[in-house]
J.: 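Below is the structure I would like to discuss, written out as structure tokens.
Whatever order the structure lists ligands and atoms in, that order sets their numbers, starting from 1. If you're wondering where the values come from, they're calculated on a predicted model, not measured in any experiment.
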Amino acid sequence: MNREQRTENREQRTENREQRTENRELTMSTSAIIIGGGIIGLSSAYYLHKAGWQVTVIDRGDLANNCSSGNAGYICPSHFTPLAAPGIISQGLKWMLNSRSPFYIEPRLSLSLAQWGLAFMRSATQSHVDRSATPLRDISLLSLACYQEWQNSGEFPFFYRHDGMLELCQTEENARHARHTAEKARQLGLDAEWLDAGQVQALEPDVACDTRGGIWFRSDAHVNPAELMKNLAAYLTTKGVHIIDNESVVNFLKQNNRIQKVVTTRNSYNADLVVLAAGAWSRELASQLGNSLPMVAGRGYSFVKPQQDYPFRRPLILTEGRVAITPMDGQVRFGGTMEITATTTPPRFKRVEGIVQSVNRFFPGLSLQAPANEEVWYGYRPCSPDGLPYIGRLPGLENAIAATGHAMLGLSLGAATGLLVSQIAGEQKTDMDLTPFDPARFN
Ligand SMILES: Cc1cc2nc3c(=O)[nH]c(=O)nc-3n(C[C@H](O)[C@H](O)[C@H](O)COP(=O)(O)OP(=O)(O)OC[C@H]3O[C@@H](n4cnc5c(N)ncnc54)[C@H](O)[C@@H]3O)c2cc1C
């Protein structure tokens with residue numbers, strides 16, 4: 001071998017090494033750890049995987065019983081008004097005194113609750129509602145399109161219907177408010193109209209409705225959330241997404257401005273990208289990362305009955321009782337209540353009686369009976385104070401993205417949140433302006 005050949009070989013080896021290093025860096029920099037296997041975590045996994053990331057999802061539970069499984073399943077552009085809205089404070093105070101009411105804040109000594117309450121009160125203004133309508137509409141329409149794509153792709157089956165949603169009310173005051181909301185929805189480009197009692201009855205011919213009328217949101221769709229979650233997780237597994245269950249993230253190792261390792265009860269994992277999607281538990285984890293994400297857990301309850309006994313044709317909301325009714329896959333799910341509480345406080349089943357009473361007030365012929373406690377599901381909504389999610393990079397960290405705080409809208413906004421997370425991770429232009437969802441907005 002002459003000198004020239006040796007030089008050539010050396011150069012080739014150097015090139016190969018450089019190539020290998022580049023490949024390793026590429027592989028390393030494309031691995032993502034997602035904390036939380038709810039709809040937000042799994043949607044993020046779906047889109048990150050599609051974008052070429054090696055994805056690991058870590059969940060402290062079995063993924064089958066989180067907030068994303070037992071909810072009402074609404075994909076609802078109709079919900080462009082955040083929970084923090086004018087009137088909610090005075091209404092909430094009245095409801096606090098009633099053990100069957102749809103809204104309750106458990107009084108407890110907690111600095112984070114006090115901070116959240118203050119920020120919630122500051123957000124409950126008309127200008128906040130007006131500012132939030134367009135971003136909420138945009139993200140929910142994006143999400144609806146993503147779910148439709150999932151459905152059309154046939155990658156995994158799930159019950160999906162685009163049957164609209166009826167938001168019913170009984171008092172004249174709420175009817176006036178609803179007409180105004182329908183008008184506002186139309187201004188936002190949504191397909192919505194006010195229907196009188198007769199028109200509502202025509203849409204639900206099999207149950208006698210006692211109502212003044214309601215808003216008919218043709219824009220809305222719904223799914224069976226538990227089935228969606230189960231089949232999405234199974235699909236991701238077949239695609240090589242590593243789903244680790246029954247393992248809790250307890251700590252992080254940081255160096256400079258990066259998370260080096262995600263530490264769990266059993267292991268520790270190298271972290272090139274970390275997505276914080278731990279639902280109502282995200283606040284504590286964010287605080288370990290030196291970040292403040294004000295959030296409380298909003299407990300809600302649901303139960304199912306056979307659709308043949310409760311022959312509703314489409315999703316309904318009963319405004320006065322804040323109850324959601326969803327026919328899905330031969331069953332009807334009844335759900336509701338927003339109970340701001342510690343996740344360790346035992347369930348208050350009296351609230352479920354409130355759901356039942358509300359249904360019987362709107363549909364007196366049904367004589368719905370309260371379910372046994374064992375038949376009741378409950379879950380914790382991750383509630384930010386302004387009712388908007390946190391989607392974006394966590395301040396002070398180069399490799400952490402927050403995707404949480406979706407409150408009453410996590411299922412609805414789940415698919416779009418996953419898409420947006422993958423766009424942020426890939427440093428691409430996002431499909432919408434994410435400023436209103438900035439995780440640093442309360443700093
Ligand atoms: C009665 C009711 C009805 C609802 N109806 C609707 C509806 O119709 N439409 C809608 O859009 N929304 C609805 N919601 C709200 C919706 O369910 C939530 O917004 C959504 O499920 C939140 O999803 P998530 O992925 O953020 O949280 P979750 O589903 O709670 O998932 C978070 C996951 O993180 C895991 N986790 C937490 N801490 C750790 C840790 N330290 N380590 C590892 N894993 C961890 C948890 O085990 C959990 O699996 C409803 C909620 C309720 C209660």
J.: Show which atoms of ligand 1 fall inside a sub-4.0 Å distance from at least one heavy-atom site of G36.
T.: 33 (C), 34 (O), 35 (C)

J.: In this structure, does ligand 1 have an atom that sits under 4.0 Å from one of the heavy atoms of I39?
T.: yes

J.: Evaluating non-hydrogen atoms only, which member of I40, T264, V57, I34 is closest to atom 25 (O) of ligand 1?
T.: I40

J.: Can you tell which part of I58 has a heavy atom less than 4.0 Å from ligand 1: side chain, backbone, both or neither?
T.: backbone

J.: Considering only heavy atoms, does A407 approach ligand 1 within less than 4.0 Å through its side chain, its backbone, both, or neither?
T.: backbone

J.: Number the atoms of ligand 1 from 1 as they appear, then name those within less than 4.0 Å of a heavy atom of L411, with their elements.
T.: 9 (N), 10 (C), 11 (O), 12 (N)

J.: Looking only at distance, does G73 have an N or O less than 3.5 Å from an N or O of ligand 1?
T.: yes

J.: Is it the case that more than 12 heavy atoms not belonging to K230 sit under 6.0 Å from its NZ atom?
T.: no

J.: Using a 4.0 Å heavy-atom cut-off, say whether A277 meets ligand 1 through its side chain, its backbone, both or neither.
T.: backbone

J.: Write out the residue and atom name of the closest protein heavy atom to atom 37 (C) of ligand 1, then the distance separating them to 0.1 Å.
T.: A278 O, 3.5 Å

J.: Is it the case that the side chain of H242 and the backbone of V55 share a donor-acceptor pair, with hydrogens and angles ignored and the cut-off at 3.5 Å?
T.: no

J.: List every atom of ligand 1 that sits less than 4.0 Å from any heavy atom of L409, numbering the atoms from 1 in the order shown and giving each element.
T.: 10 (C), 11 (O), 12 (N)

J.: Does A280 come within less than 4.0 angstrom of ligand 1, counting non-hydrogen atoms of the residue?
T.: no

J.: Is it true that R313 and D206 have a side-chain N and a carboxylate O under 4.0 angstrom from each other?
T.: yes

J.: Is there a salt bridge (Lys or Arg N to Asp or Glu O under 4.0 Å) between E427 and R393 once you walk through the steps?
T.: CA-CA 11 Å; E427 315 226 319; R393 290 197 180 270; 3.5 Å; yes

J.: Do R137 and F80 form a cation-pi contact, if we require the NZ or CZ to be under 6.0 Å from the six-membered ring centre and within 45 degrees of the ring's axis?
T.: no

J.: Could you identify the single nearest non-hydrogen protein atom to atom 35 (C) of ligand 1 and state the distance to 0.1 Å?
T.: D59 OD2, 3.3 Å

J.: Taking both backbone and side-chain atoms of G410, is any N or O found less than 3.5 Å from an N or O belonging to ligand 1?
T.: yes

J.: Checking a contact table here: which protein heavy atom is nearest atom 51 (C) of ligand 1, and how many Å away?
T.: R381 NE, 3.4 Å

J.: Who's the nearest protein heavy-atom neighbour of atom 7 (C) of ligand 1, and how far?
T.: Y74 N, 3.6 Å

J.: Please state which part of W281 comes within less than 4.0 Å of ligand 1, counting heavy atoms only: side chain, backbone, both or neither.
T.: side chain

J.: Compare all side-chain heavy atoms of R441 with those of L388 and state whether any distance is below 4.5 angstrom.
T.: yes

J.: Looking at D163 and R314, is there a salt bridge between them, counting it only when a charged N and a carboxylate O are closer than 4.0 Å?
T.: no

J.: Ring centroid separation for F363 and Y310, is it under 6.0 angstrom?
T.: no

J.: Can you sort out which atoms of ligand 1 are near G379, meaning under 4.0 Å from one of its heavy atoms?
T.: 53 (C)

J.: Any ion pair linking E193 and R186 (charged N to carboxylate O, less than 4.0 Å)?
T.: no

J.: For salt bridge (Lys or Arg N to Asp or Glu O under 4.0 Å), just list the numbers for E155 and K50, CA-CA rounded to whole Å, side-chain angles, deciding distance to a tenth of an Å, and then say yes or no.
T.: CA-CA 12 Å; E155 289 170 321; K50 290 261 177 207; 2.4 Å; yes

J.: What atoms in ligand 1 come closer than 4.0 Å to a heavy atom of Y301?
T.: 1 (C)

J.: Identify the closest protein heavy atom to atom 40 (C) of ligand 1: which residue and atom is it, and at what distance?
T.: V249 N, 3.7 Å

J.: Using a heavy-atom cut-off of under 4.0 Å, does the side chain or the backbone of E247 touch ligand 1, or both, or neither?
T.: backbone

J.: Using a plain distance cutoff, I'd like to know if A72 has any nitrogen or oxygen under 3.5 Å from a nitrogen or oxygen of ligand 1.
T.: yes

J.: At under 4.0 Å between heavy atoms, is it the side chain or the backbone of M408 that contacts ligand 1, or both, or neither?
T.: backbone

J.: Check for me whether R348 meets the cation-pi criterion with Y104, that is, NZ or CZ under 6.0 Å from the six-membered ring centre and within 45 degrees of the ring axis.
T.: no

J.: Under the 3.5 angstrom rule, does the side chain of W116 hit a backbone N or O of C383 as a donor-acceptor pair?
T.: yes

J.: May I ask whether G335 has any heavy atom positioned less than 4.0 angstrom from an atom of ligand 1?
T.: no

J.: Relative to atom 14 (N) of ligand 1, which among N71, T265, D220 owns the nearest non-hydrogen atom?
T.: N71

J.: Ignoring angles and geometry beyond distance, decide whether S68 reaches within less than 3.5 Å of ligand 1 through its nitrogen or oxygen atoms.
T.: yes

J.: Between F303 and Y301, is the gap from one ring center to the other below 6.0 Å?
T.: no

J.: Please confirm whether the ring centroid of Y46 lies under 6.0 Å from the ring centroid of W150.
T.: yes

J.: Below the 3.5 angstrom mark, is there an N/O of R60, backbone or side chain, next to an N/O of ligand 1?
T.: yes

